[in-house]
Number of protein chains: 2
Amino acid sequence: MTPKRRGQAPRQSDVARLAGVSQSAVSRVISGDVDSARIPEETRQRVLAAIKELGYVPNASARNLRNKRNRLIGVHTFEAVFPHARDDFYFEFLLGIEERAEQTGFDLVMFTSTGAGDGRRRVYRDGTNRLNLADGSVLLGVSTDRAELARLWADGYPFVHIGRREVPGAEIPCVIPDYRGAATGIVDKLAGHGHRRFAYLREPMEMEPYADRRDGYREAVERLGLTDRSPGFRGESGLTGEWIDELVRGGETAVVAESVRLAEQLLGGLRERGVRVPEDISVAVLEATWEGTSAQWDSLEIPRVAIGRIAVDRVIDMLDHPDQPPESLLVPCPIVPGTTIAAAREERP
Amino acid sequence: MTPKRRGQAPRQSDVARLAGVSQSAVSRVISGDVDSARIPEETRQRVLAAIKELGYVPNASARNLRNKRNRLIGVHTFEAVFPHARDDFYFEFLLGIEERAEQTGFDLVMFTSTGAGDGRRRVYRDGTNRLNLADGSVLLGVSTDRAELARLWADGYPFVHIGRREVPGAEIPCVIPDYRGAATGIVDKLAGHGHRRFAYLREPMEMEPYADRRDGYREAVERLGLTDRSPGFRGESGLTGEWIDELVRGGETAVVAESVRLAEQLLGGLRERGVRVPEDISVAVLEATWEGTSAQWDSLEIPRVAIGRIAVDRVIDMLDHPDQPPESLLVPCPIVPGTTIAAAREERP
DNA sequence: TTGAAAGCGGTACCAT
DNA sequence: ATGGTACCGCTTTCAA
C-alpha cells in the first residue's frame, strides 16, 4: 500500500462524477441541508459511497472563502507563548481559551509567524494582517502594541484583549480583571479590622492594571475617610529604608502593596527592625500570589482560566452579532484570605 | 472615530478602482513579482497608496485556495493540550514547535475543534479532515488513534508523529526518541561498572516506546552475555514482593526499570529489607526523570524541545519535497548520570 | 505595460 | 428532487 500522490485531494466534482450526480447535489448531501433541498435516500447513499471510496474531504479554504467563516479563533500574544506558558501568566488563560474553543467547535491559530525577530510579535507586517486568517482573535501580552490595537479596531477586526488597554480614539474591547474592585475590597477588609492609617507601595509601572488598582484604592480610602501619607499614595514608586523607618515610627497599621515583590521587600525590612506582620502591621497585596513566597499574603486572585473562557465567548459573540458595538467586560477578582492581616493594634498616643 | 463596519474588508478590486488600475495589476504589485510583470514605479506607488488608504489586507483563505499553501502548520494532539501542558509531556514539545514555527514564518493551528466530547480528539469527524486547513501537521499524544494515522497517511496528508507508532500497511513518518539506543547505553554503563546479573522491571504498557526499550535492553544483554532471570525480562509486568525477596536472596546486582514508578516501588521494598541502593544493588530507569523523586535516578533524557523543533522541520521538509517518501527520524536520548549506579558488589559465593 | 479571463473548491440560488 | 450557474477573493496565463 502506498499513500496517494501528495497534493491530489479528490474534489466534489470527482465525487459527483463517480456517483453520477451533479456537483451541487454532492454539496447538498455534505452540508446535510435537511430543510430546503431534500435528497432521495438512494441518491444520498450513492454520494456517500463515492465520498468514502475516494476518501474525499472538503477543502477548508474554499469553504471559508464562500462562507466567510473559518471556525478559527486566533490567539495573538505579543511575545512567544510557550517560554512563558509555565509562569501562570499565559498558561491559565490558554487553558480557558482552549477549553472553550473545544466546546464551541473552533480551532485555535497561534500567530507565531508574526515574530519580528526581536522577541516581539506584530500583527501588521508588510501590510499583511495575519489575524485575518481567523474569524476573530484573542490578544494578550504584557508588551501590547497600542498602535496595532488601534488599527485592528479601526479595521473592524473582531477581537478582544485580555486586560484593559486604552487607546485614544478607539474603544478596545477588553476582558478586564477587576483590580479596581479588588483593591477597594481589600481596603474595606482592612478597615473592617479597625485599620485607619494606611500606606501604599507602588510599582514603577504605569499601565492600566496598575491605574485600576490605584483608582480603587484611592476611592476606598476617601470614601472611608482613611489616612494615607505614604510616598506611594502620592505617586512615588518603590520602597526605601527611610520609609520603612518612618513606618516603624509612625502610626500606620496597614500597608497595601501593588506586588508581592514590594510586600516581600517590606516584610524583610520590618523583620530586621523587629516589627511583626500582622501583629504590628497588616499587609495586603494587590496581585495574585503563588506558592513559595515567604508569607501567605492576603491578596487577590485573577480568575485566569475563567477569563480565557470569557474571552473566547466574547469573540464568538462579536462574530454572531457584528453590529453590536463591542463592549468590555469586567471579571471580579476574588479576595484571597491570608495570614498577613490582623486587627489593628491600639493607636499610639 | 468609528471602526469600519465589521465584515467589510476591502478587496483587491476596491484597491484597483481607487488606484485606477486593474485588479490583476494590484495583485502583481502585492506579490512583488519583480521578474515577469514589471510595473512602472508610478503605478506601483498609486496602488500602494490605495492599499494604505483602504487598509487593505489580503484574504488568507482566497490566497490559500489559489496557492494551496497557508504557511500554517497544524498541531493535533489526541487529548487537550493545556491541561497537560505543565507536565513536561506536552509542554516542551510545544516549546520547540513554537520556536521553530516562529523562525520559519509559519503559524500554528491547534486543532481543538476535533474534540469528540469524551476528552479524546479525532482527525476525521463526519467525514471532514480539519487538518487539511494546515499545510502539514505535527501529531502527538499518548492515546494516538492508529486508524486515523493510517487514513491520514493513505490520504497523502503531510504529517509527522512525535513518537514511534506502527500501523500495518502504512509507514507513518515519526520523530522518534531513541529509547532503544538509550537502553543499550544504560546496560553498557552498568556492565562497565562490573554488573553481570541483571533484572528488568516492566510496565504493563505494550506501546512502541516500550517495545523499543525492551529491544535495546535485550540486545545489550545478549551482546554482552549478561544474565537476566527476572519475570520482567520474560514478559511479566509489575513488581511483586516475592520478586523483591528473590532479588535480596539472589545474585542480581543491577536492576533496570522502565519507569520511575517501578523504580520507586522497588526502592521502597529494598529499603524495608535493609538493602541499599546503589551500594548493594544498582538501579537505572529507562524514562526521563523529574525533580522531587525519592532518588536521583540514573536515567535517560528525552530532548523534547529539540524533538519539537525537528518535527516542524520534518513537516516543512515534506512540504518542500512532496515526492520524497517520508522517513522517520531517530533522535538520540542522552543518558543522565544519577546516584543510583555504583560498582557491582562482590559476587556472593 | 496592462487588462481580461479562467480557474482554485465550494455553496446556494434559481430554474427545470 | 436535481442540475446549472454565479460568485467568494486572489493568482496567473494570455492577449492586446
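Throughout, protein chains are lettered first and strands after them, A, B, ... in sequence-line order, and every chain is numbered starting at 1.
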Calculate the interatomic distance between B/L133 atom CG and C/dG9 atom P; express it in whole Å. 15 Å
Report the distance from atom CZ of A/R17 to atom P of C/dG9, rounded to the nearest whole Å. 12 Å
Kindly say whether A/S143 contributes a backbone atom to a donor-acceptor pair with the side chain of A/R120 at under 3.5 angstrom? yes
Taking side-chain hydrogen bond (donor to acceptor under 3.5 Å, both in side chains) as the test, write out the residues that go with A/E42, two or more places apart. A/R46
Does the side chain of B/F93 come within less than 4.5 Å of B/I162's, by heavy atoms? yes
What N/O pairs connect the protein and nucleotides 8-11 of chain D at under 3.5 Å? Give each pair on its own line.
unit_1: D/dC8; atom_1: O3'; unit_2: A/K68; atom_2: NZ; d: 3.4
unit_1: D/dG9; atom_1: OP1; unit_2: A/K68; atom_2: NZ; d: 2.6
unit_1: D/dG9; atom_1: OP2; unit_2: B/R11; atom_2: NH1; d: 3.2
unit_1: D/dC10; atom_1: OP1; unit_2: B/Y56; atom_2: OH; d: 2.6
unit_1: D/dC10; atom_1: OP1; unit_2: B/N59; atom_2: N; d: 3.1
unit_1: D/dC10; atom_1: OP2; unit_2: B/Q12; atom_2: N; d: 2.8
unit_1: D/dT11; atom_1: OP1; unit_2: B/R63; atom_2: NE; d: 2.8
unit_1: D/dT11; atom_1: OP1; unit_2: B/R63; atom_2: NH2; d: 3.4
unit_1: D/dT11; atom_1: OP2; unit_2: B/Q12; atom_2: NE2; d: 2.9
unit_1: D/dT11; atom_1: OP2; unit_2: B/S27; atom_2: OG; d: 2.9
unit_1: D/dT11; atom_1: O2; unit_2: B/R66; atom_2: NH1; d: 2.6
unit_1: D/dT11; atom_1: O2; unit_2: B/R66; atom_2: NH2; d: 3.3

Those residues at least two apart in sequence (or on a different chain) that pass ring-ring contact (aromatic ring centres under 6.0 Å, His included) with A/H161 are none
Spacing between A/D14 atom CG and C/dG10 atom C1', to the nearest angstrom: 13 Å
Say whether, by atom type as modelled, one donor and one acceptor occur between the side chain of B/R151 and the main chain of B/R146 under 3.5 angstrom. no
With A/S22 via side-chain hydrogen bond (donor to acceptor under 3.5 Å, both in side chains) - residues at least two apart: A/S24
Say whether, by atom type as modelled, one donor and one acceptor occur between the side chain of A/N67 and the main chain of A/N64 under 3.5 angstrom. no
The helix from C/dT1-D/dA16 to C/dT16-D/dA1: angle between end helix axes, five pairs per end, rounded to 10 degrees: 50°
Contacts of B/D317 meeting side-chain hydrogen bond (donor to acceptor under 3.5 Å, both in side chains) (sequence neighbours excluded), chain-then-number -> B/R314
